[in-house]
Amino acid sequence: MQVRFKLVRYFATASLVAFCCAAVALAFFQTRESRLMQSVQDEQARAVQDMQTRLVERAEQSAHRDLLNLHENSNLNLTRLLANALWDDALAPFLAAARSIDFKRCTNAKEAQGSRNGQAPAPGVKECLARQGAAVQALPAFTHLDTRVRNAMRGNTVVKIKLHDLQGITLYSTDLAQIGEDRSAHPNWITAARQGKASSEIAFQERFDTLQGTLEKRDLITSYLPIIDPRAQSTAGVFEVHADISPDLKLIKQTSAGLRKTADTDQAQLAGQSQDQRARVQGSARLHLVLLGALLVLLYTVLHGIVRRAQGVIEQQARESDANRQRLAQSEKMTSLGQMVAGVAHQLNTPLAFSKSNVYMAVQALEDLVPGIEDAQRLLQLASAGHDDTVHPGLPEPQAVRSQLRRFPEDIRMAQDMLGDVLMGLDQMNELVDNLRSFTRLDRSRTASVDLNATLYSVVYIARAVIPTKVKVVERFSELPRLNGHVSQLNQVFLNLIMNAAQAIEGPGQVTVSTACDGPHIRITIEDTGCGIPDEVLSRIFDPYFTTKPTGTGTGLGLSIARDIVTAHGGRILVKTRVGSGTSFQIELPVSTSQPA
């Protein structure tokens, strides 16, 4: 039974799968696009935040730098004024007096110790420097300088002043405990003393002794400022000035905090705008997805309607095609039946003709015996009455009657032979009728247990009545198991193949019908010595309506129907051919084949 292609079912399944895949892909790309947009917005927000942070940091650094430069310039101007004001009466006399204090023996011991083990100065060196510092404080010029400096710095932001000589020794400090310290290793002192340049730094101090007393947790700016001898215009020492910049730094920090707060506010506002934009984009995307889904559903509905209409047209055409095919198959079957009936009629006509002739001749011979038998009967009656020597007019001579009676056995045997030929003809006709009935199997059920050898014998017998006498049909049957099948359909397949094989032979030839059992399969081979099948035709021989016969002599359904019947029985047809040598059709049927519908 041919399986119809369910267009609507396959379209519904395929289109639903395709639409689902498209929907999943769209959702995936939409989600990916949304995530990408969110990632871009987050990156932009981070970039803006980083930019604002850098701006705040740069503003804070710039403020620190400006504050440092401002106080450094202020301290530089202050020390220059101080130096100019105190140089003649306090500063120059103090520097001259301090040169009398020998710090070199302390620094030499320090250098010697450092060169030996590379360690910091021992307590003995510190004590030496402290003693020399005390000697400096004992100078009369020191007291005069200290008084002048403290008076000059009163009410100023400067909280501490130190004076270092060119060897880095602290000769003066408002913190008296620091007099005598060695600052020669400090980089800012080196810059001021050796290069004659001002150098400053900002540092946080937990506790610091100042002119105004002890300060805690203060930010200080420390400036190292060269002291220029106004006469020699050379560096005479280094001022170390400490100024309290905590209020300024506090103001800078407040400004920075305000900037950071503004930046955070802007960042939050930007994040809110980004969130709103993202929500609008997602809403628009969802709307687009809904519209696209609606369009897909509409498209699916339209296509489904078209496909249903097409399915109806296809089914209608298929029904018409099946009807046409059935009519053509019936025509093919009727043509074959007509050929078979003509052959059977010919086969019946031959024994019927000679049987009729022999019966007529036997009747005639018996009629010829009647006069002699009647004459012999009258002569016997006369002889029994004692008149055998009397001549009776109208009666044959006894000698002539005896001569007729001598021919009776020969005439009777001839009549017997004729009647025997009639019986032989009747037997031929009976065999033909039996094979014809076995071929059609009209008295059997739809499916039955089939002996293929017996079936093929009947088919070959009928085929011999149809095909030309120049084509010899040879039977080579092997022992076969029985199988279930539709006998009439199988007979139609075998007869069609034998007829095609005979038609492929031009002139004398041979068609060989053989059977064999190969395990679970039964093979029926029909081989001819005909012209073979060309390659360009071989691939189409089972196509419906394809035929190489002249127009009007074939429907092209014989082999197609044969293949369908064999396939319905669970088997297959194989073809081997060679142009000019012949063709072999091999039918394979399973022994345990199920009953075909």
Side-chain angles (χ1 to χ4, degrees), residues 72-73 75-115 120-121 124-146 148-150 152-153 158 160-201 203 221-243:
E72 183 178 283
N73 292 330
N75 290 337
L76 180 60
N77 293 328
L78 178 63
T79 55
R80 285 177 180 175
L81 289 174
L82 184 62
N84 291 333
L86 302 179
W87 180 263
D88 290 331
D89 64 335
L91 191 55
F94 173 73
L95 291 175
R99 291 191 189 99
S100 62
I101 306 301
D102 187 10
F103 285 95
K104 287 186 177 181
R105 60 189 183 89
C106 298
T107 56
N108 290 337
K110 174 184 175 183
E111 292 175 0
Q113 184 183 16
S115 63
V125 176
K126 291 184 178 181
E127 292 176 358
C128 177
L129 291 173
R131 286 194 298 271
Q132 299 301 102
V136 171
Q137 294 182 45
L139 295 174
F142 175 83
T143 303
H144 178 67
L145 176 64
D146 182 57
R148 293 290 304 274
V149 169
R150 290 180 184 274
M153 295 296 105
V158 175
K160 182 185 288 188
I161 292 180
K162 293 182 182 181
L163 174 61
H164 309 291
D165 63 9
L166 296 180
Q167 283 74 40
I169 302 300
T170 304
L171 298 179
Y172 172 78
S173 175
T174 55
D175 185 0
L176 300 180
Q178 294 179 345
I179 297 175
E181 290 181 352
D182 185 1
R183 302 289 286 175
S184 60
H186 198 283
N188 289 333
W189 175 86
I190 294 174
T191 301
R194 297 181 181 178
Q195 299 180 12
K197 297 180 180 179
S199 180
S200 301
E201 63 181 359
I221 181 171
T222 302
S223 299
Y224 290 82
L225 309 168
I227 303 172
I228 305 301
D229 185 348
R231 296 185 182 88
Q233 292 297 314
S234 60
T235 303
V238 175
F239 269 126
E240 180 179 340
V241 179
H242 296 265

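Start at 1 with the first residue, then count along the sequence. These numbers were taken from a predicted model, which means no experiment stands behind them.
Looking at heavy atoms from C-beta onward, Y172 lies out of side-chain contact with L91 at the 4.5 angstrom threshold. Using a 4.5 Å heavy-atom threshold, the side chains of I228 and T235 count as touching. Between T170 and L163 there is no side-chain heavy-atom pair separated by less than 4.5 Å. Two residues are said to be in side-chain contact when any heavy atoms from C-beta on lie closer than 4.5 Å; V241 and L225 meet this criterion. In this structure, H144 and D89 have side chains that are in contact, with non-hydrogen atoms separated by less than 4.5 Å. The side-chain heavy atoms of V136 and F94, taken from C-beta on, include a pair separated by under 4.5 Å. I179 places a side-chain heavy atom less than 4.5 Å from the side chain of L176.
Heavy-atom minimum distance, A98 versus L171: CB-CD1, 3.9 Å. Heavy-atom minimum distance, S200 versus S223: OG-OG, 2.8 Å.
Taking the salt bridge (Lys or Arg N to Asp or Glu O under 4.0 Å) definition, one finds that D165 meets it with nothing, sequence neighbours left out. Here Y224 pairs with H186 under the ring-ring contact (aromatic ring centres under 6.0 Å, His included) rule; sequence neighbours left out.
With rounding to the nearest 0.5 angstrom, the CG atom of L129 is 6.5 Å from the CG atom of D182. Atom CZ of residue R99 and atom CG of residue L95 lie 6.0 Å apart, to the nearest 0.5 angstrom. Note: K162 NZ to E240 CD = 4.5 Å, rounded to the nearest 0.5 Å. To the nearest 0.5 Å, the span separating CG on N188 from NZ on K197 amounts to 13.0 Å. With values rounded to the nearest 0.5 angstrom, C106 atom SG is found 13.5 Å from K126 atom NZ.
Not a single donor-acceptor pair under 3.5 Å links the side chain of S100 to the backbone N or O of A96.
In this structure, a donor-acceptor pair under 3.5 Å is absent between the side chains of D175 and S173.
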